[in-house]
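Here the structure comes first, spelled out in structure tokens, and everything after it is commentary.
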Protein chains: 4
Amino acid sequence: MGRRLTPRGEQRRGELLAYATERFATNGYHPTSVAELVDGLGVGKGVFYWYFESKEDLFLEILRAGERELRRVQLDAMGDETDPVARMELAIRASMEWWATHRELYVLIEFARTEASFASGVRKGERVALEDTRRLVQEAMDSGAIADGNATVVAQAVLGVSSVLARTQVLGRGRPPSEVADEVIDFCWHGLLGRDAGQTRRTA
Amino acid sequence: MGRRLTPRGEQRRGELLAYATERFATNGYHPTSVAELVDGLGVGKGVFYWYFESKEDLFLEILRAGERELRRVQLDAMGDETDPVARMELAIRASMEWWATHRELYVLIEFARTEASFASGVRKGERVALEDTRRLVQEAMDSGAIADGNATVVAQAVLGVSSVLARTQVLGRGRPPSEVADEVIDFCWHGLLGRDAGQTRRTA
Amino acid sequence: MGRRLTPRGEQRRGELLAYATERFATNGYHPTSVAELVDGLGVGKGVFYWYFESKEDLFLEILRAGERELRRVQLDAMGDETDPVARMELAIRASMEWWATHRELYVLIEFARTEASFASGVRKGERVALEDTRRLVQEAMDSGAIADGNATVVAQAVLGVSSVLARTQVLGRGRPPSEVADEVIDFCWHGLLGRDAGQTRRTA
Amino acid sequence: MGRRLTPRGEQRRGELLAYATERFATNGYHPTSVAELVDGLGVGKGVFYWYFESKEDLFLEILRAGERELRRVQLDAMGDETDPVARMELAIRASMEWWATHRELYVLIEFARTEASFASGVRKGERVALEDTRRLVQEAMDSGAIADGNATVVAQAVLGVSSVLARTQVLGRGRPPSEVADEVIDFCWHGLLGRDAGQTRRTA
DNA sequence: CATGAATGAGCGTTCATTCAT
DNA sequence: CATGAATGAACGCTCATTCAT
């Protein structure tokens, strides 16, 4: 589309995006019809197609906007910190806060991975995140801060722990993101057998 | 249903389950129609509704059978080993092998979590797996084998690392499950900062 | 589709073809909806898509079947007659009879010429008819039976006279096709200024 | 409507008519949306409904203007010539020139004949043209210039030859209208068997 | 057991038209 | 005069499900 929108139009578009995000996350992408979306906002069907090319296009917009925002939040959080381990920690904490306020995105991304037409887009976003993390892990390994190993695998593991605890603890149980971030970092830094597990520095 | 089936019927049912699993995993649950399934097997529509009450029923059967099988494989692997840490390791290795031969199930479970009508079933299965793991972690903490902490969170983290590396390394990159299992255990046992990271016993 | 049809299926398909032909001819292709077609036959929407891939496909089937049949009728009429002028006359008479019993096709072909997605198909059919006629004209010129000239243009003119009188006299005024065929032949053979206009042999 | 328009308004209206004529002829009446028309001219939707009551109204305007213009061109061409055969020839030549510069109208008229809501208007215009021609033919027959016969049928045949050769030779092959007019007249005056076919007077 | 024709609610999408600005 | 957001009926089409054979 790329239509230029008036402020009022911009707001309408935002309403559609927000409402669709909530419905897709709650009810699923396929079971949520365009009719349900416009009825929920009390507008005509045409409005939807004034702002989006298709239902699929809307979904991709949601996905892309989410990925963009999360990445921005992480970069902002890391600021000009230079130590790779500290950078990772800052990114993890920022991500956790972000998920707490964007719970719907989580399930949308999971769904997107399961359907051919969306999967490639998601994977591209994940490759970026993985590469960001891998680079930090590699730097830390090179500097001797952490033990040598397969940086990609380690990065993936860290992202996995963050992701699963965000889902189950923050989104599922509603626990405070800073607390869960502590647990992610504790687990990732020391593992199960680490001597001083539980005695890591607290940040937030 | 719960119909009594002839051996031939049992085989037909199995063919439908297998083909549907593959199509759902490749193409998505919703985009795959019942017509596509029966056409793919060269049978009439009636066959489908003879063996399954509905498309949804078929999907739940696939899910349930998968969870049942994975759990059985894990229990078998742990055998009569009594050390909780060793039991976890055996379960992780067994799971990794199983995922390598049941790659379709992974995406199906991810999808199921995203839709209201399936999510509750999946979560029930996951609660069982989590509780199994949590119990082992708690035992290990009680015996002093691993540092104290929130057993549920730690169990979730271990499952998360297993899951994400199964997906990305075994299913995504096709690496040998035993090798990836080593990496899961290494990371979970020692974390990033563990002194002897990378020097753990190799098994397979 | 190319589905194998039972006799009952074949009949249903025929009903759809016939009813659609009538509706398209009377009301126009676009103004006639698939819903109108199935409602008119008292069947469900799905029936339509069981027999045809799309509304466009149905229309093309009607067109192709008509062209095929007309061509066959012309070839049959010419039989083993060898004189080119006599062959043309036989073909004209046969065509006129055919149009009298297939009036709907006329307007459908005219419509098809006006829309990009159908025009190429129609033009292909018309090229065949033109080439058939042109060949006969050329033969007649070569044998000295008719005056030399541009055979393509002459063939086109003969087809044009046949076509316009079929439309206005046979379809429009309901006059007997054999009588109109006489007039076509009279005009084409002698023109306005031909001395003996109106004194040609009568056939039917 | 029948609104009084400013010179600027008159130009806008003309632009809409010209662009719509081109799009309808190229793409078809139904497949061409009002949105496409206004987008193509870079104006808003309101402009369209300021100048035309509806899409159908616009189409009828195009048709009526075309018929009006063609009739005027023919009358002008015939001037004060009194011989009916000469008048017909002049009208045919003028028509051919006009079609060459108004090719879009041809397909629009063909389309209009195929849809109930437009057909009656077209037929009215054609009745006028036929009656004009029939009168000339009748006069020629009465004066003995051409052989007796059904004047209506002969007139229709002449119009049919003009029409089909305009379409195929002038519009389709891009041949010069004056040359094609020669062929129309040659064929209509002498037919296939006329002794002196091809030796008619040349005009242009 | 099995077929495949049939159903019809519901889908995503279009588009002629209106009207507040 | 002109814009473009909004409407909503209608469209072509899909598909889970049923059932006569």
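First the proteins, then the strands, lettered A, B, ... as listed; each starts at 1.
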Could you pick out which residue, A:Thr6 or B:Tyr29, lies toward the 5' side of DNA chain F when each is mapped onto its nearest nucleotide? A:Thr6
Return the 5'-most residue of the pair B:Gly42, D:His30 with respect to DNA chain E, ranking by each residue's nearest nucleotide. B:Gly42
Picking from F:dA6, E:dG4, F:dC13, the nucleotide nearest the side-chain atoms of C:Lys45 would be F:dC13
Where the side chain of A:Val47 is defined as all heavy atoms beyond and including C-beta, which of E:dA2, E:dT13, F:dA6 is the nearest nucleotide? F:dA6
Euclidean distance, atom CG of residue C:Asp39 to atom P of E:dA9 [Å, nearest integer]: 12 Å
Interatomic distance where CG belongs to C:Leu5 and P belongs to E:dT3 [whole Å]: 17 Å
Do A:Phe111 and A:Phe59 have ring centroids that are under 6.0 Å from one another? yes
Rounded distance (Å) that lies between atom C1' of E:dT17 and atom CG of D:Leu58: 14 Å
Taking atom C1' of E:dC1 as reference, at what distance in whole Å does atom CD of B:Glu10 sit? 15 Å
Round to the nearest Å and state the distance from C:Leu41 atom CG to E:dG8 atom C1'. 16 Å
Winner on side-chain proximity to A:Tyr51, out of F:dA6, E:dG12, E:dA16, is F:dA6
Would a 4.5 Å heavy-atom cut-off, applied to side chains only, mark A:Gln11 and A:Glu15 as touching? yes
Flag side-chain contact, heavy atom, 4.5 Å: B:Glu61 against B:Asp57: yes
Rounded to whole Å, how long is the line connecting atom CH2 of D:Trp50 with atom P of F:dG4? 17 Å
C:Arg8 side chain near F:dT21 phosphate (N/O to OP1/OP2, under 4.0 Å): no
Looking only at the side chain of D:Ser33 (C-beta and beyond, no hydrogens), which of the listed nucleotides E:dT13, F:dG12, E:dA16 gets closest? E:dA16
Can you check whether B:Val34's main-chain N or O pairs, donor with acceptor, with B:Lys45's side chain at less than 3.5 Å? no
Nucleotide pairing, DNA chain E (Watson-Crick or G-U, distances under 3.5 Å), in dot-bracket with [ ] and |: .||||||||||||||||||||
Would you confirm whether C:Arg103, through its side chain, and C:Leu171, through its main-chain N or O, come within 3.5 Å as a donor-acceptor pair? yes
First encountered from the 5' end of DNA chain E, between D:Thr32 and B:Val43: B:Val43
What is the distance, rounded to the nearest whole Å, between atom CZ of A:Arg12 and atom P of E:dT21? 13 Å
In whole angstrom, give the distance that lies between atom OH of A:Tyr49 and atom C1' of E:dT14. 9 Å
Counting the benzene-type ring for Trp, do B:Phe118 and B:Tyr29 have ring centres under 6.0 Å apart? yes
Working to the nearest 0.5 Å, report the span between CZ of B:Arg12 and CG of B:Leu41. 8.0 Å
B:Ile109 and its side chain to side chain contact (heavy atoms under 4.5 Å, CB included) partner, picked from B:Leu70, B:Val122, B:Ile62: B:Val122
Which residue, C:Ala35 or A:Gly46, contacts DNA chain F at a nucleotide closer to its 5' end, judged by nearest heavy atom? A:Gly46
Say we look at E:dC1 and F:dT21: how far apart would their C1' atoms be, to the nearest angstrom? 13 Å
